[in-house]
Amino acid sequence: MNRKKLQKLTDTLTKSCKHFNKFEVKCLITLFYNLVGDVPEKPGVVTGLDRNVFRNILHVTFGMTDDMIMDRDCFEVFDLNGDGFISKEEMFHMLKNSLLKQPSEEDPDEGIKDLVEITLKKMDHDHDGKLSFVDYETAVREETLLLEAFGPCLPDPKRQMEFEAQVFKDPNEFNET
């Protein structure tokens, strides 16, 4: 990508981006094009990362090896039956698998059911008894910790910091292997 196009794209993305400054946006664009390689731009064709490159980045850079996460975005990971909603049953299943059982508990499922109700009350903005993508998005934008309420779907903070230190220092040194 030539310097003029890079500057224009950086300016455009910086205007709509709340979490990165202009320098960081430029570094991320440069990293993206380093990973994609020298692909000729064609009108109407979206340039993107090859699935294997993306999987390798998640594995090596961020230590994320769960295939469910790699194959779907965070909402879809939790929408187990693919109906576009996260139901109480799906929440129960995910929370049951992510919480440790205490030996003193008579019925650990009761505690999980209570946690499902608390989670639903916090995240179900339209009060229909299940989470739509809009409910989910609204809730995680208000409180980012809710993004991982049903289990980990983001890299650990140490890996994130290492990535940021490397990429925002000099994106040309980034190596995906």
Side-chain angles (χ1 to χ4, degrees), residues 9-21 24-25 28-29 31-32 35-36 43-102 105 107-161 163-164 167:
L9 183 57
T10 301
D11 291 342
T12 302
L13 291 175
T14 302
K15 288 176 186 173
S16 62
C17 186
K18 297 175 185 168
H19 302 289
F20 298 101
N21 63 37
E24 292 168 335
V25 168
L28 290 169
I29 293 169
L31 171 61
F32 174 77
L35 292 170
V36 170
V45 176
V46 177
T47 303
L49 292 175
D50 170 275
R51 181 182 184 81
N52 291 328
V53 171
F54 181 67
R55 183 181 299 266
N56 190 39
I57 291 167
L58 289 177
H59 271 275
V60 176
T61 306
F62 295 108
M64 298 176 72
T65 57
D66 186 342
D67 285 336
M68 277 182 65
I69 292 170
M70 286 183 250
D71 292 337
R72 312 170 93 179
D73 68 37
C74 295
F75 179 81
E76 291 173 341
V77 168
F78 304 138
D79 177 15
L80 300 176
N81 65 5
D83 68 352
F85 296 95
I86 301 173
S87 66
K88 285 184 180 184
E89 293 77 23
E90 289 167 320
M91 283 185 216
F92 180 84
H93 176 74
M94 289 177 289
L95 290 170
K96 184 176 183 171
N97 292 333
S98 66
L99 297 175
L100 297 174
K101 293 179 181 166
Q102 300 299 321
E105 291 181 275
D107 186 6
D109 288 355
E110 284 305 312
I112 295 169
K113 287 177 186 174
D114 291 343
L115 191 54
V116 166
E117 291 302 323
I118 292 167
T119 303
L120 197 59
K121 185 179 274 190
K122 177 79 175 163
M123 298 179 81
D124 184 17
H125 289 278
D126 61 8
H127 308 292
D128 63 354
K130 57 189 174 186
L131 297 183
S132 66
F133 180 76
V134 173
D135 289 334
Y136 181 82
E137 183 180 36
T138 303
V140 299
R141 285 188 185 276
E142 290 173 2
E143 177 54 64
T144 55
L145 287 175
L146 288 173
L147 193 58
E148 299 198 37
F150 307 121
C153 62
L154 296 173
D156 69 69
K158 183 181 178 211
R159 295 278 187 133
Q160 283 178 277
M161 296 299 288
F163 173 79
E164 289 175 16
V167 172

Ignoring hydrogens and angles, tell me if any N or O in the side chain of E117 forms a donor-acceptor pair with the backbone of D114 under 3.5 Å.
-> no

Minimal non-hydrogen separation, L31 against F163, with atom names = CD2-CZ, 3.6 Å

Looking at side-chain heavy atoms only, is the closest gap between L131 and M91 below 4.5 Å?
-> yes

Contact summary for M123 and V140, nearest pair of heavy atoms | CE-CG1, 4.4 Å

Rounded to the nearest 0.5 Å, how far apart are CZ of R159 and CD of E164?
-> 14.5 Å

Considering only heavy atoms from C-beta outward, does the side chain of N21 approach that of E24 to under 4.5 Å?
-> yes

Hey, could you give me the OG1/CG distance between T14 and L9, rounded to the nearest 0.5 Å?
-> 8.5 Å

Kindly determine whether I29 and V25 satisfy side-chain contact (heavy atoms from CB on, under 4.5 Å), including the steps that lead there.
-> CA-CA 6 Å; I29 293 169; V25 168; 3.8 Å; yes

Residue pair H125 / V134, side-chain heavy-atom distance below 4.5 Å | no

Measure the CG-CG distance between L115 and D109 for me, rounded to the nearest 0.5 Å.
-> 12.0 Å

Side-chain contact test, heavy atoms from C-beta onward, threshold under 4.5 Å: evaluate it for F54 versus L58 and give yes or no.
-> yes

To the nearest 0.5 angstrom, please state how far the CG atom of D83 sits from the OG atom of S132.
-> 11.0 Å

So which heavy atom on K113 is nearest to which on F92, and how close?
-> CG-CE1, 3.9 Å

D128: side chain to side chain contact (heavy atoms under 4.5 Å, CB included) partners, not counting sequence neighbours | F85, D124, D126, K130, D135

